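What follows is a single structure, written as structure tokens, with notes after it.
These figures come from a predicted structure and were not determined experimentally.
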Amino acid sequence: MSSIKGHWICLQKGIGIGKFFSLLIALVITILVVASYVLSWGRQDLSQPFSAPTSKDFVLSSNLSSTDRHSEVNPPVRSSHAQGGEIHLTERRIPDRIELEQYEPHMFSAIPRNFLQSSRSPCWYVEYQGKDRDDPYKTNGYGLYSKRFRSIFEEMRQGFWAKMNLQEGNRYRLRCLPYFYIIGQPKCGTTDLYDRLRLHPRVRFSAFKEPHWWTRKRFGILRLKESFYSRFPLEDYLDLFDLAAQEIQDNYNKDKGIEDDLLIGEASASTMWDNSAWSYFYDNVTNTEPPVLIQDFIHAFQPDAKFIVMLRNPVERLYSDYLYFAIANKSAEDFHDKVNESLQIFDSCLQVSSLRACAYNTTFSNILPVRLQVGLYVVYLWDWLSLFEKNQFLVMRLEDHAVNITQSMRLVCNFLRLGPLSNKEESSITHNPASNSRRPEDCNLGPMLPQTRQMLKDFYRPYNQRLAEMLANNAYLWET
């Protein structure tokens, strides 16, 4: 017993208590991941053991200078996330409408193939089946599970019955989907863009910024890493656009046949990247890549939709994400340990599975200490472009938006074909202070450690290079 205790003390002294426990936790997580794949009948090669994470810092050996190599005490862990320093993006199988309908039959029965020609936003009339003067939002999941949304639904109730369209004794309500989506990424300025754009006189958003319906609520996910709740049906999501739909209905001049130019938007920053629910609800027996993605369904109903993507240096995005979502004991050192562990876990996945499988991997999404995968912008954009045309996307950088908000908002308005604004209207949009900036207490923590920054720069570099090539813009290298 004394011999064992002696080895324990020596081991702690040799590698440090913090790193020792980090190693121990990483090994336990790896074992749990492997077990989860075996139990969920994952692809056969995923039942093979992952390479065990080590306690030393994760580095890409191909990116080390001769000085860096000389200063490394331990040999580097070689990453398999890129071959020869390049990212290889593979084509995915695109499911057809029949297959999608098998997954979500109600969605396809409720959303028509054609929308009203009188509105730029995709809208249609449906007969209202509720009882007279009943509460139309009584069972809406957003109102049931969130107290802060109840006041919003109370406002929506006030004018609901007066906005009914009566035809031959039947009552009809106008239903709408968004004309455009701000799809990502989190901690990249989407809140600021949303707050400014909703001041535009011809833009209306959902009842609140981020419904997360396509990615989470329709599966019953209220909060990440929590148990599932009842699934939110399509109607709960459509309810969020009722105020905008009622305004569109009021503005439409039937006599003159004037097209209403109000545009409906939605700004869930999870839409671009979060497909973490697929393994729970769709077939994952024969393939570790999702058989369907969020964009497959959106494309089935809205092949002409427009998308705005806000991006940011993925290194800075990850640190901001950590500061915002971490609950306690935040520090640059803690961030470093979590990054190191996440890099090793992600690399273990890539040693046995494809890049796409790891990017959308539900198990890894749940166990990564920091959301490393959210910064793989090119992986997600590549899959969106497999369905939609490039001119349906406006991709912007937070760095450019912060420096010149006026120019940034003009780009957005031109992209959405909103027309010119008066000086007063433009000033009201651009002169407000930035939204959702870093909290003072988080600013006091200071920047990340230099070695953490270098590890992340090395990891993201090949992804950024591929993104810059895709967008034909070297600004997305984030090298300066």
Side-chain angles (χ1 to χ4, degrees), residues 106 128 130-131 133-163 173 175-178 181-184 186-187 189-199 203-247 264-271 274 276-277 280-281 294 320-328 330 365-366 371 432-442:
H106 175 67
Y128 182 69
K131 295 181 180 180
R133 301 298 166 179
D134 244 3
D135 180 359
Y137 307 113
K138 182 178 181 180
T139 61
N140 188 290
Y142 290 99
L144 291 175
Y145 290 106
S146 178
K147 292 182 179 179
R148 67 189 181 97
F149 294 152
R150 291 173 188 172
S151 61
I152 296 175
F153 282 105
E154 184 57 38
E155 177 189 353
M156 293 167 60
R157 287 185 189 97
Q158 301 304 316
F160 179 83
W161 291 101
K163 300 298 182 181
R173 68 192 294 191
R175 289 298 210 178
C176 296
L177 284 168
Y181 297 82
I182 300 174
I183 61 174
K187 309 312 298 174
T190 60
T191 299
D192 187 70
L193 176 61
Y194 160 81
D195 282 341
R196 296 182 191 282
L197 195 52
R198 69 193 181 108
L199 296 175
V203 172
R204 302 292 182 270
F205 277 95
S206 51
F208 39 86
K209 177 182 180 271
E210 294 188 288
H212 294 299
W213 185 80
W214 291 101
T215 55
R216 298 170 189 170
K217 299 300 189 293
R218 70 187 177 101
F219 300 106
I221 300 174
L222 295 192
R223 298 172 188 84
L224 296 179
K225 301 184 182 181
E226 287 190 5
S227 301
F228 287 90
Y229 291 76
S230 298
R231 300 177 69 171
F232 287 29
L234 171 68
E235 287 72 17
D236 287 8
Y237 180 59
L238 297 178
D239 285 348
L240 305 183
F241 305 104
D242 271 4
L243 292 179
Q246 291 165 7
E247 192 172 354
I264 298 177
E266 201 254 67
S268 299
S270 63
T271 307
D274 189 358
S276 59
Y280 298 109
F281 292 91
I294 299 304
S320 179
D321 196 81
Y322 163 79
L323 293 176
Y324 186 82
F325 289 106
I327 299 174
K330 289 184 285 189
S365 296
N366 290 335
R371 300 197 298 181
N432 288 330
S435 300
N436 205 23
S437 55
R438 187 169 295 177
R439 293 171 294 220
E441 60 269 27
D442 291 336

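Looking at residues two or more places apart in sequence or on another chain, you find a ring pair (Phe, Tyr, Trp, His ring centres under 6.0 Å) between Phe153 and Tyr137. A search for side chain to side chain contact (heavy atoms under 4.5 Å, CB included) contacts involving Asp134 returns Lys131, not counting sequence neighbours. Residues passing the side chain to side chain donor-acceptor pair (under 3.5 Å) test with Glu155, sequence neighbours excluded: none. In this structure, Ser206 has no side chain to side chain donor-acceptor pair (under 3.5 Å) partners at least two apart in sequence or on a different chain. In terms of the salt bridge (Lys or Arg N to Asp or Glu O under 4.0 Å) criterion, residue partners of Asp321 (sequence neighbours excluded) are, by chain and number, Arg317, Arg371. Remark: Glu235 engages His106, Ala110, Arg175, Pro233 in a side chain to side chain contact (heavy atoms under 4.5 Å, CB included) (not counting sequence neighbours). Under the rule for a ring pair (Phe, Tyr, Trp, His ring centres under 6.0 Å), the partners of Phe241 that lie at least two apart in sequence or sit in another chain are Tyr237. For Tyr322, the ring pair (Phe, Tyr, Trp, His ring centres under 6.0 Å) test picks out Phe335, with sequence neighbours left out. For Lys163, the side chain to side chain contact (heavy atoms under 4.5 Å, CB included) test picks out Gln246, Gln249, Asp250, with sequence neighbours left out. Evaluation of the side chain to side chain contact (heavy atoms under 4.5 Å, CB included) rule for Leu144 yields no partner, not counting sequence neighbours. Legend: residues meeting ring pair (Phe, Tyr, Trp, His ring centres under 6.0 Å) with Phe149, ordered by chain and number and at least two apart, are Phe208.
Note on residues 139-153: pairs passing side chain to side chain donor-acceptor pair (under 3.5 Å), not counting sequence neighbours, are Asn140-Asp239.
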